[in-house]
K.L.:
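Structure provided below as structure tokens; questions to follow.
Order of the sequence lines fixes the chain letters, A, B, ..., with proteins taken first and strands second; residue numbering starts at 1 for each chain. Everything numeric here is computed off the predicted structure, so don't read it as measured data.
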Amino acid sequence: MDALDQLVKTFFDWEAMAAVLPNMIRFGLPNTLILAVSAGVLGCILGMILAIMGTSRITALRWLSRIYTDVFRGVPAIVIILLIGLGLGPVVRVATGSTNPFPLAIFALTLMAAAYIGEIFRSGIQSVEKGQLEASRALGFSYGSSMRLVVIPQGIRRVLPALVNQFISLIKDSSLIYLLGLIASQREIFRIGNDAAAITGNLSPLVAAAFMYLLLTVPLTHLVNYIDNRLRTGRPEKRQPDDAAALIGKGAQP
Amino acid sequence: MSEFASGSLTGKNLHLSFGSNHVLRGIDLHVGKGTTASVIGPSGSGKSTLLRVMNRLIEPDQGDILLDGRSVLNDNPDELRQRIGMVFQQFNLFPHKTVADNVSLALRKLRKLPAEQAQAEALEQLDLVGLKHKADARPANLSGGQQQRVAIARALAMKPEVMFFDEATSALDPELVKGVLALMADLAKGGMTMVVVTHEMGFSRNVSDTVTFMDGGVVVESGPPEQIFTSPETERLQGFLADVL
């Protein structure tokens, strides 16, 4: 009985959780979102550039993209954050006078996310049937326009679920910014939970942090399933009034 | 009276190799203004490749291509392809765009027409192929025959001088073939210059002005349909006709 009480108190001390909640909502949530969304958007831009290079007809561009991807996908996030954050931190401080670790953390997360997102986009682009590029070129579009108007939009659609998964990863990886040192208002979800846990000697604030992450990620995983379903079954489209009429009208001729 | 601004097209001594595979071995093909040339032959004979070389989707290794008597090998290939419409076996409509957008895309982006005008022209083209009422549908919601007719409308919207058909009915269910062939016959009758790669011997015989029989990357025999189908001279053509008819 005591042991059970002990466990409940260690993980689900409601008071300890409630105490940390205001900071979580005021600082933790927005800071985590700033990190994840910024790195997500920038990662998509850099990732698209990598994907276009990776599917280019120019061998050197394909190689550059390959090497970048191999490096940033093959090194743990924690190593990249430390190398970028601690390595470039002093340089940035001298140059701009800023000690805010956010830009460098976003930069590090972006470099990493871009490697994965680039691969996601590349697989999407390469999954588009060859006939699509051929049909577009036959109409008179250049290679670049064909990619931009026809191939890439279709490729992106197919990999939306994988892209959302990548964003979920980013939300979680954003916690690594704590390694760079944060002042009170810069703390994100994990750091706030971790600090409170360290001070009180109780893990409940970390559990609260876990709930905050789930609050963000679970809806996203369901969004993935929704998109996935929609992509598989086709978008819900209104039946057109003349669909039935077509059987006897003009549309009847095959 | 031609309703199309069509031109003549000539391929001269066209050669193409993929590595050691000599796909086209000196092809000559002439299609007179407003006439229809069909190209028949067994699979792998180079028919489809010939079309792609003649609109420079694939650059020939050797030879010349003349549109209205003028060599186009030094032109911008993208501009050449705006003058030659192409219809594919697999339709290749853009699935992420509506039927109307499929037809108007090139008008908006290449001809630089304002959106409303491009839309109006797209609807007009769709009307010609009997599918105006499907303008807002997605290609996936259309039957194969309807998709192919949209693909024809998409190519015609650019007001091409020549139309290529690459086995346009081969992927269609048998009951849908007739509608597409009828549309192609209408175009031919309307004075469009057409090169039709086909397995439909009936179409080749009844609609085209000339028939070219290819095998192994060379033109084995060519001439008016009666001659090709009723008195084939070469053993290879006789064998081929015996197999398909």
K.L.:
Sort B:Phe88 into side chain, backbone, both or neither according to what part of it lies under 4.5 angstrom from a heavy atom of chain A.
P.N.:
side chain
K.L.:
If I measure from the heavy atoms of chain A, does B:Ala140 come under 4.5 Å with its side chain, its backbone, both, or neither?
P.N.:
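Neither the backbone nor the side chain of B:Ala140 comes within 4.5 Å of chain A.
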K.L.:
Answer yes or no: are there more than 12 heavy-atom neighbours, outside B:Lys12 itself, under 6.0 Å from its atom NZ?
P.N.:
no
K.L.:
Does anything in residues 109-123 of chain B reach chain A? List residues with heavy atoms under 4.5 Å apart, or say none.
P.N.:
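B:Lys109, B:Leu110 fall under the 4.5 Å cut-off.
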K.L.:
Looking at A:Phe72, I'd like to know if its CZ atom is crowded, meaning that more than 12 non-hydrogen atoms belonging to other residues, nucleotides or ligands lie closer than 6.0 Å.
P.N.:
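Atom CZ in A:Phe72 is packed in, count exceeds 12.
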K.L.:
Roughly how far apart are A:Leu149 CG and B:His96 NE2, rounded to 0.5 Å?
P.N.:
7.5 Å
K.L.:
Using a cut-off of under 4.5 Å on heavy-atom pairs, state which of B:Ala155, B:Gly144, B:Ala151, B:Pro95 scores highest against chain A.
P.N.:
B:Pro95
K.L.:
Within residues 112-140 of chain A, which positions have a heavy-atom distance to chain B below 4.5 Å?
P.N.:
A:Gly131, A:Gln132, A:Glu134, A:Ala135, A:Ser136, A:Arg137, A:Ala138, A:Leu139, A:Gly140
K.L.:
Determine the minimum heavy-atom distance between B:Asp78 and A:Phe141, stating which atoms define it.
P.N.:
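Heavy atoms only, the tightest pair is OD1-O, 3.7 Å.
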K.L.:
Which answer fits B:Leu105, side chain, backbone, both or neither, if we ask what part of it has an atom under 4.5 Å from a heavy atom of chain A?
P.N.:
both
K.L.:
Measure the OG-CZ distance between A:Ser142 and B:Arg81 for me, rounded to the nearest 0.5 Å.
P.N.:
9.5 Å
K.L.:
Pick whichever of B:Leu93, B:Leu172, B:Asn76 has the most heavy-atom pairs under 4.5 Å with chain A.
P.N.:
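If we count pairs closer than 4.5 Å to chain A, B:Leu93 comes out on top.
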K.L.:
At a heavy-atom separation under 4.5 Å, does B:Leu80 approach chain A through its side chain, its backbone, both, or neither?
P.N.:
neither
K.L.:
For atom CZ of A:Arg73, is the number of surrounding heavy atoms from other residues, nucleotides or ligands below 6.0 Å larger than 12?
P.N.:
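Yes, enclosed.
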K.L.:
Tell me, side chain or backbone of B:Arg56 under 4.5 Å from chain A's heavy atoms, or both, or neither?
P.N.:
neither
K.L.:
Report which part of B:Lys132 has an atom under 4.5 Å of a heavy atom belonging to chain A: side chain, backbone, both, or neither.
P.N.:
neither
